[in-house]
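This report refers to the structure that appears directly beneath it.
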Amino acid sequence: MQDIRDLTSVLRSNTPIVVIETYEEYRVVELLKRVASVLYQPVFTWSITQGLARVDKPMAAQKFNSEPTDLLGQIKSTSQQGIYVLCDFHPFVIDAPKNVRLLKEIALEYETLQHTLVLVSHAFDIPPEIKRYCAYFQLTLPSTVQLQNLIYLEVDKIRHQGTPLLVDDTAVVKLAENLRGVTLDDARRLVRKAIVDDGAITLSDIDAINKAKFQLLDLNGVLQFEYDTSDFSQIAGLHNLKKWLKQRVPIAAVSTLDQADKPTSVQHTKALDAPKGILLLGVQGSGKSLAAKAVAGVWQRPLLRLDMAALYNKYIGETEKNLRHALELADMMSPCVLWIDEIEKGLSGSSSDEGTSTRILGTLLTWMAERKSEVFVVATANDIQALPPELMRKGRMDEIFFVDLPDEAIRKAIFLIHCQRRGIDVASLDLAQLSARSQGFSGAEIEQAVIAAMYTARSVERSVDQVLLLEELSKTRPLSVVMSDKINALRQWAAGRTVNAHE
Ligand SMILES: Nc1ncnc2c1ncn2[C@@H]1O[C@H](COP(=O)(O)OP(=O)(O)OP(=O)(O)O)[C@@H](O)[C@H]1O
């Protein structure tokens, strides 16, 4: 209804050319037929293969020219007032001065001819000559309720064919929420695929739907869909951060959390503002990326990774365009977690970047301040020198956490996690000794020592034991030693300015 109302107003406003960028050609034609009946105007469609035909009254259907230039000449010379829907006309305005001129002449003669051209393509670059005569129109995307109805409609269709179908109503609600941002046609395709895959609609479809939706929307590959998420049981330490995140678990994820992970009082969360994001600052290999993955895993949200360094493009303006596209995509994937990895890399301007980093920061900050979507940002950074002060200002992020090197108890827990994960017999190990001997090691360095010990064990055909692990530790010079000055400076800076993620 909204689309019909809006499109009617656009056509009533005497706009000669309306551009609609969409894949939903049939939907546009159906809409225009309804609008045309209100405005008492005939509707014609044209495509290079079908030529021109009247569609609102099939009996009066007539074919004119299929060649673009002839078609425009035909429309210009006819006195038959009408709405002309030109499908996939976009290639015929590129290096085609005659066609552009004809479009302009039809527009200029709007007062007398009263022809409205509706250009429907997946994308349309309007030539500057006709820009001022054009209006963009955007089809509305389906609401969550419409998507729920669509899912049940598809379920009914399949049941009518006599196929039994298992449908979990909670999954339908979640599925509809995750489908927001795609067109009705695409949603229908995705739902059908989810049903056909296993003959059911259950929570296990959510992941596949998120991935398929991401592939559908991410046309120029600026974001990565991270398939690999984690959960808190795989992270040692970071107690403060885990507590903070548990208190803000979205309602939808609460029902499926382990008892131990549940926030104490979920009923209060309803009235609260949705959390916006956090910055995780810290030593390399201390588990920042792992924490980003765990937010998505525990909150049961898709995880999108934005690699700041990959945004940069040598063409001026393209870098910001890439970022805008990435943020739009994140909005469309909402609710989701957007992990901005090594955020400092994209924001630390150099004198030669012609202000790109400043504009990138501006675009990011504006989006963070104004977005309505449920995109939770997890930004990670190693280097505070390179971080612009604007990003650190209170209110930009909900919290800035400092992820320090693990203390003795946390190192013990890291050994336990990584040894258990690899099937090493932990009962035979002295974890306290391993922890004491790995002072100054990051989680990543401990993990690497465990992996190296496994390779050594395999080469000498024995199992991993205390001696092998200690040997590996003694061979490693941790970053905290190699880069002690840098890490001390980071610690000093973080004290008082950030919240300790581990405590
Ligand atoms: N607290 C931890 N608990 C369990 N494993 C850890 C922890 N910290 C680090 N690790 C291990 O080290 C690996 C590397 O850590 P991660 O990539 O998360 O660190 P990071 O802080 O993001 O590093 P970088 O700044 O270099 O990107 C993790 O995948 C995990 O296996």
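Keep in mind that the numbers below use all heavy atoms, side chains included, and drop hydrogens, waters and symmetry copies. We count ligands from 1, going down the list as the structure has it; atoms in each ligand are counted the same way.
Taking any N or O of G287, backbone or side chain, at least one lies under 3.5 Å from an N or O belonging to ligand 1. Residue contacts with ligand 1: I235 is placed with no nitrogen or oxygen under 3.5 Å of a nitrogen or oxygen of the ligand (distance criterion only). Residue K288 places at least one N or O, backbone or side chain, under 3.5 Å from an N or O of ligand 1.
No side-chain N or O of D168 forms a donor-acceptor pair with one of T202 less than 3.5 Å apart. In summary, the side chains of T183 and D185 do not present any donor paired with an acceptor at a separation below 3.5 Å, with no hydrogens or angles considered. With hydrogens and angles left out, the side-chain atoms of E472 and T456 include a donor and acceptor closer than 3.5 Å.
Aromatic ring orientation, W299 versus F376: tilted (interplanar angle from 30° to 60°).
The protein non-hydrogen atom at the shortest distance from atom 1 (N) of ligand 1 is A236 O, 2.9 Å. Atom 22 (O) of ligand 1 has S289 OG, 2.4 Å as its closest protein atom, hydrogens excluded (heavy atom only). With hydrogens left out, the protein atom closest to atom 12 (O) of ligand 1 is A444 CA, 3.2 Å, a heavy atom. Looking from atom 23 (O) of ligand 1 to the surrounding protein, the closest heavy atom is G285 N, 2.8 Å.
Using 4.0 Å as the threshold, T380 has no heavy atom nearer than that to any atom of ligand 1. Note on ligand 1: S286 sits in its first shell, one or more heavy atoms being nearer than 4.0 Å. Look at H418 and you'll find a heavy atom under 4.0 Å from some atom of ligand 1. Judged by the shortest distance from any of its heavy atoms, L238 lies outside the 4.0 Å radius around the atoms of ligand 1. Under a 4.0 Å heavy-atom criterion, G237 is not in contact with ligand 1.
Formation of a donor-acceptor pair under 3.5 Å by the K213 side chain with backbone atoms of A187 is not found in this model.
By the neighbour-count criterion of 12 heavy atoms within 6.0 Å, atom CZ of R458 is sparsely surrounded, having that number or fewer from other residues, nucleotides or ligands. Atom NZ of K193 is surrounded by 12 or fewer heavy atoms from other residues, nucleotides or ligands within 6.0 Å. The 12-atom threshold is not exceeded at NZ of K243, counting heavy atoms of other residues, nucleotides or ligands nearer than 6.0 Å. The local environment of CD in Q439 is sparse, with at most 12 non-hydrogen atoms from other residues, nucleotides or ligands closer than 6.0 Å.
At a threshold of 4.0 Å, the pair D3-R27 counts as salt-bridged, since one of the basic side-chain nitrogens sits closer than that to a carboxylate oxygen.
With a heavy-atom cut-off of 4.0 Å, L290 touches ligand 1 through backbone and side chain alike. The proximity of V283 to ligand 1, defined as any non-hydrogen pair under 4.0 Å, is limited to the backbone. Only the side chain of E447 comes within contact range of ligand 1, with a heavy atom under 4.0 Å; no backbone atom does. Contacts between Q234 and ligand 1 below 4.0 angstrom, taking non-hydrogen atoms only, involve the backbone exclusively.
Remark: ligand 1 atoms within the under-4.0 Å shell around heavy atoms of N382 are 25 (O).
Checking R189, R188, R159 one by one against E154, the salt bridge (charged side-chain N to carboxylate O under 4.0 Å, His left out) holds for a single residue, R188.
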